[in-house]
Colleague: 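Input: one structure, supplied below.
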Amino acid sequence: MPCLERSLRTASLALLLVYTFGTWPAAAQAPSTATPIPSVTGPVPVTAESYPLMASAHLQTLVDLPKAGYVEEEFFVSGRANVYDWAADGRLSVKTPAAPYTTRILLRRPTDARRFSGNVIVEIANAARRFDFNFTWGVSHDHLIENGDAFVVVTIAQGNIDGLKAFNATRYAPLSMANPTPDEACAAPGRAGGAPQTSPFEEGLQWDILSQVAAMLKAAPAGGPMAGFTVQRAYMTAYDAVMATYMAAIHPSARLASGRPVYDGYIQHRHPGLARIRRCASAPAAEDPRQVLRGLDVPLIRIMPETDVLTLYRFRREDSDAPNDRYRLYEVAGGAHADGAFYPYQPSVADLKKIGSPYPYLAAWPFHNQCEPEMLLMKTPINTYVLDAALTNLTRWVRDGVAPPKATRISVENGGTPQARVVRDQFGNAIGGVRTPYLDVPIATYHTTTRGETFCPELGRTDPFSWGRLATVHGTPQNYATKVSQSVDRLVKDRWLTESDGKKIKAEANAVATAAGN
């Protein structure tokens, strides 16, 4: 009986730990084999008639990569991926092994290996519009290029594969994430109680694809995307639930032959709920303890724009420097869920029509309705500068063991209730959170949500101060520029801004002061 009692106490304690601290310890999902290296073909030839969808030269806002010393290439990646089940206790098991796939990656890297930072940033593309919308590139491409990072976007969504095939059926004919069990019927997403459906596509292949792509990039095989380059670190970034689920379910068993993790760190935008592990599985419930990630053995920086602080308040957790739980939550004061940096780098209108987009979205306003009041997207680069600093700090954390700074949370009253609200200063801007000179030396109120339909609640806009208020708050234009310079120096010293971005903000403030003084 004593042995039985001890066993029951041990089992109860283990269950309590899971439900108190989140995911099951990583050791419960120890890898049995190293992540396979998939085969890769390319770069896929480019002609006037056949070029990659999302190629930089064919976006609505052009980036001259050759001038920046960068090359852009498209490759097809082929391998075999497992389809998994994911138990409530965090344990991963293989449901269907070794299903074949072929997908594509779009690579942007320095032409000269001597300029390469050693970092590869892998972004899970947004799948809302049938093309690989890579927000991180839009927000921080200047920083990535300046730093010499390589950037890779991976196609893993069926809608985006369909968009590629509609765009150029011949070029993208090899792409496939075919369902290895196409006769398996299950409820369609969002249609509980509906008739079970089959599907030729299996989203559950995406997990091994993400692991194998990173393993291939690090291995840098001859003829591959990073041949001749020494890849020291691979980071994943995304704005969606796929990355959140990958970290919680897949990362513990995604290992290289050396035993090291496939991904060395993560930057997650927002805190999306977990996705289902395969098409016939259910997504974890909102109250599932796995929703709040703990116990990751590589650093995670989570960037939460002010827009999402109230709706995702339940996911707040403390920062940590523990070796197996390195975590930072950055709630960004004045940061919008989406701003003017997200949308310029989308396909041309002609390319949008080819993929069957229902609207010829324009980069200046890529929506089919206006908001209240009528507005333009926020152009203040709050999100950009916070992400640039986070990328820099992540590398120092991974490479040098230097932990990033910790930020206070945005001040919230009645958090987690229907009466929750962000506490604001006399200028209408949020108190607390990650700060930038735009909030600490304000010349505007930064609204991070807007009235209206569809995307409006997620969009930010800027309400500039009147000249009278500017004079009251800052005195002379030169006094404003001086205060900005002091704010920048402090934030650069504390690693909330990169030196390069600090110089940009100072130059901008001096230009404003000069224009106002004339």
Side-chain angles (χ1 to χ4, degrees), residues 40-77 102-126 129-156 160-161 163-164 167-168 170-172 174-175 213-214 216-218 220-231 234-238 341-352 354-355 363 391:
V40 59
T41 58
V44 184
V46 174
T47 68
E49 293 75 31
S50 180
Y51 53 85
L53 181 61
M54 293 298 292
S56 294
H58 294 270
L59 301 178
Q60 291 190 33
T61 302
L62 303 183
V63 178
D64 192 340
L65 289 176
K67 183 178 180 180
Y70 263 62
V71 64
E72 180 178 68
E73 295 174 328
E74 183 178 56
F75 294 83
F76 292 163
V77 179
T102 297
T103 190
R104 77 109 181 216
I105 63 172
L106 190 61
L107 166 77
R108 296 159 185 149
R109 61 159 173 77
T111 305
D112 187 343
R114 292 171 296 183
R115 274 204 58 208
F116 179 47
S117 67
N119 301 332
V120 174
I121 288 84
V122 177
E123 180 166 10
I124 301 174
N126 181 275
R129 297 189 175 184
R130 286 171 59 89
F131 59 86
D132 288 327
F133 210 158
N134 34 246
F135 288 142
T136 294
W137 177 259
V139 171
S140 283
H141 64 275
D142 285 339
H143 170 80
L144 298 175
I145 291 172
E146 182 179 302
N147 198 52
D149 296 332
F151 176 85
V152 173
V153 62
V154 187
T155 302
I156 55 170
N160 290 5
I161 290 178
L164 288 168
F167 175 72
N168 190 324
T170 302
R171 184 180 185 90
Y172 294 116
L175 302 190
V213 163
M216 178 270 296
L217 292 168
K218 282 186 166 181
M226 299 302 295
F229 289 69
T230 301
V231 178
Y235 304 140
M236 183 189 288
T237 184
F342 282 59
Y343 297 102
Y345 308 97
Q346 63 177 356
S348 66
V349 171
D351 286 355
L352 287 173
K354 289 180 183 178
I355 68 173
L391 287 163

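Counting begins at 1 with the first residue of the sequence.
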Colleague: What's the verdict on side chain to side chain contact (heavy atoms under 4.5 Å, CB included) for Asn134 and Tyr345, showing C-alpha distance, side-chain angles and the deciding distance?
Modeller: CA-CA 8 Å; Asn134 34 246; Tyr345 308 97; 5.6 Å; no

Colleague: Kindly compute the distance separating CD (Glu73) from CD1 (Ile105), expressed to the nearest 0.5 Å.
Modeller: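 Between Glu73 CD and Ile105 CD1, I get 9.5 Å after rounding to 0.5 Å.
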
Colleague: Side chain to side chain donor-acceptor pair (under 3.5 Å) for Thr155 and Asp132? Distances and angles first, verdict last.
Modeller: CA-CA 7 Å; Thr155 302; Asp132 288 327; 2.3 Å; yes

Colleague: Taking all heavy atoms of Pro174 and all of Phe76, pick out the closest pair and write down the distance.
Modeller: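 Distance-wise, the nearest heavy atoms are CG-CE1, 3.9 Å.
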
Colleague: How far does OH of Tyr172 sit from CD1 of Ile161, to the nearest 0.5 angstrom?
Modeller: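 Rounded to the nearest 0.5 Å, the OH-CD1 separation comes out at 11.5 Å.
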
Colleague: Check whether Asn147 reaches the backbone of Asp149 with its side chain - one donor and one acceptor, N or O, closer than 3.5 Å.
Modeller: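 No; zero donor-acceptor contacts below 3.5 Å.
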
Colleague: Between CG of Leu391 and OH of Tyr235, what distance do you get to the nearest 0.5 Å?
Modeller: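 Reported to 0.5 Å precision, the distance equals 8.5 Å.
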
Colleague: Could you measure the distance from the CE atom of Met226 to the CZ atom of Arg109? Nearest 0.5 Å is fine.
Modeller: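 The CE atom of Met226 sits 6.5 Å away from the CZ atom of Arg109.
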
Colleague: Between Glu72 (side chain only) and Leu65 (backbone N and O only), is there a donor and an acceptor less than 3.5 Å apart?
Modeller: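 Side chain of Glu72 to backbone of Leu65, a donor-acceptor pair under 3.5 Å: no, none is there.
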
Colleague: If you round to the nearest 0.5 Å, how far is CE of Met54 from CZ of Phe133?
Modeller: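 So the CZ of Phe133 and the CE of Met54 are separated by 6.5 Å.
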
Colleague: Could you report the tightest heavy-atom contact between Ala125 and Val153, atom names first, then the distance?
Modeller: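 It is CB-CG2, 3.5 Å.
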
Colleague: Using the side-chain hydrogen bond (donor to acceptor under 3.5 Å, both in side chains) rule, collect all pairs that involve residues 57-68, keeping only residues at least two apart or in two chains.
Modeller: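 Residue pairs passing side-chain hydrogen bond (donor to acceptor under 3.5 Å, both in side chains), neighbours aside: none found.
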
Colleague: Pair His141, Arg108 - check side chain to side chain contact (heavy atoms under 4.5 Å, CB included), show working.
Modeller: CA-CA 10 Å; His141 64 275; Arg108 296 159 185 149; over 6 Å; no

Colleague: Please assess Thr102 against Thr41 for the test side chain to side chain contact (heavy atoms under 4.5 Å, CB included), listing each intermediate value before the final yes or no.
Modeller: CA-CA 10 Å; Thr102 297; Thr41 58; over 6 Å; no

Colleague: Please evaluate residues Phe151 and Ile145 with respect to the criterion side chain to side chain contact (heavy atoms under 4.5 Å, CB included), reporting the C-alpha separation (whole Å), side-chain torsions for both, the decisive distance (0.1 Å), and the verdict.
Modeller: CA-CA 9 Å; Phe151 176 85; Ile145 291 172; over 6 Å; no

Colleague: Tell me if a side-chain donor or acceptor on Arg115 pairs with a main-chain N or O of Tyr70 at a distance below 3.5 Å.
Modeller: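 Such a contact is absent between Arg115 side chain and Tyr70 backbone.
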
Colleague: Rounded to the nearest 0.5 Å, what separates atom CZ in Phe167 from atom CD1 in Ile355?
Modeller: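 Going from the CZ atom of Phe167 to the CD1 atom of Ile355 covers 8.5 Å.
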
Colleague: Is a side-chain N or O of Glu123 found less than 3.5 angstrom from the main chain of Thr136, in a donor-acceptor match?
Modeller: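 Checking the backbone N and O of Thr136 against the side chain of Glu123, a donor-acceptor pair under 3.5 Å is found.
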
